[in-house]
Amino acid sequence: MTPAEESKSGEKRLSDDINVLEAEVAQLTMELERTKLAVREMMAAEDPKNGVFHHEEIFRLQQDKLRLEVEIQFRTNKINRINLGISDMEPSEGLTNGFLF
């Protein structure tokens, strides 16, 4: 898929620059920590005795937390693939020979 086709499909492509990926991981990690703190604060602010619940906000924040964890993992995996010299577009050697591994 060409970059123009990717932009039309709406898919966001990860950079091939390790420095950019590491900066994104650092930024996402800070955002993840803020989200975890917000979840803890919302849970502490709940008062079931008085009918104060924040379940919708907590659920949304937990979804954000999971999304951030996945984004960090994607970038970390991309950095590892670059360091190992593995291209995204190449099938594994075993696959071309008829084996999965």
Distance in Å, [X] [atom1] paired with [Y] [atom2], rounded so as to fall on 0.5 Å steps:
{"X": "Leu66", "Y": "Glu71", "atom1": "CG", "atom2": "CD", "answer": "12.0 Å"}
{"X": "Met42", "Y": "Ile58", "atom1": "CE", "atom2": "CD1", "answer": "7.5 Å"}
{"X": "Thr29", "Y": "Arg75", "atom1": "OG1", "atom2": "CZ", "answer": "10.5 Å"}
{"X": "Thr76", "Y": "Gln73", "atom1": "OG1", "atom2": "CD", "answer": "5.5 Å"}
{"X": "His54", "Y": "Met43", "atom1": "NE2", "atom2": "CE", "answer": "11.5 Å"}

For this session: Test side-chain contact (heavy atoms from CB on, under 4.5 Å) on Arg81 and Asn77 and set out the steps.
Result: CA-CA 6 Å; Arg81 284 194 305 272; Asn77 290 347; 3.7 Å; yes

Seminar exercise, completed: Residue pairs passing the side-chain hydrogen bond (donor to acceptor under 3.5 Å, both in side chains) test with at least one member in residues 35-51, sequence neighbours excluded, are Asp47-Asn50

Seminar exercise, completed: Applying side-chain contact (heavy atoms from CB on, under 4.5 Å) to Ile18 and not counting sequence neighbours gives Glu22, Ile79, Ile82, Asn83

Would a 4.5 Å heavy-atom cut-off, applied to side chains only, mark [X] and [Y] as touching?
{"X": "Glu57", "Y": "Val39", "value": "no"}
{"X": "Leu37", "Y": "Arg34", "value": "no"}
{"X": "Asp64", "Y": "Arg60", "value": "yes"}

Exercise. Do the charged groups of Glu69 and Lys65 touch, with an N to O distance under 4.0 Å?
Worked result: yes

Problem set entry | Verify same cluster id: Phe74, Leu21 (apolar side-chain graph, 4.5 Å) | yes

Exercise. So which heavy atom on Val52 is nearest to which on Ala45, and how close?
Worked result: CG1-O, 3.8 Å

Exercise. Does atom CZ of Phe53 have more than 12 heavy-atom neighbours from other groups under 6.0 Å away?
Worked result: yes

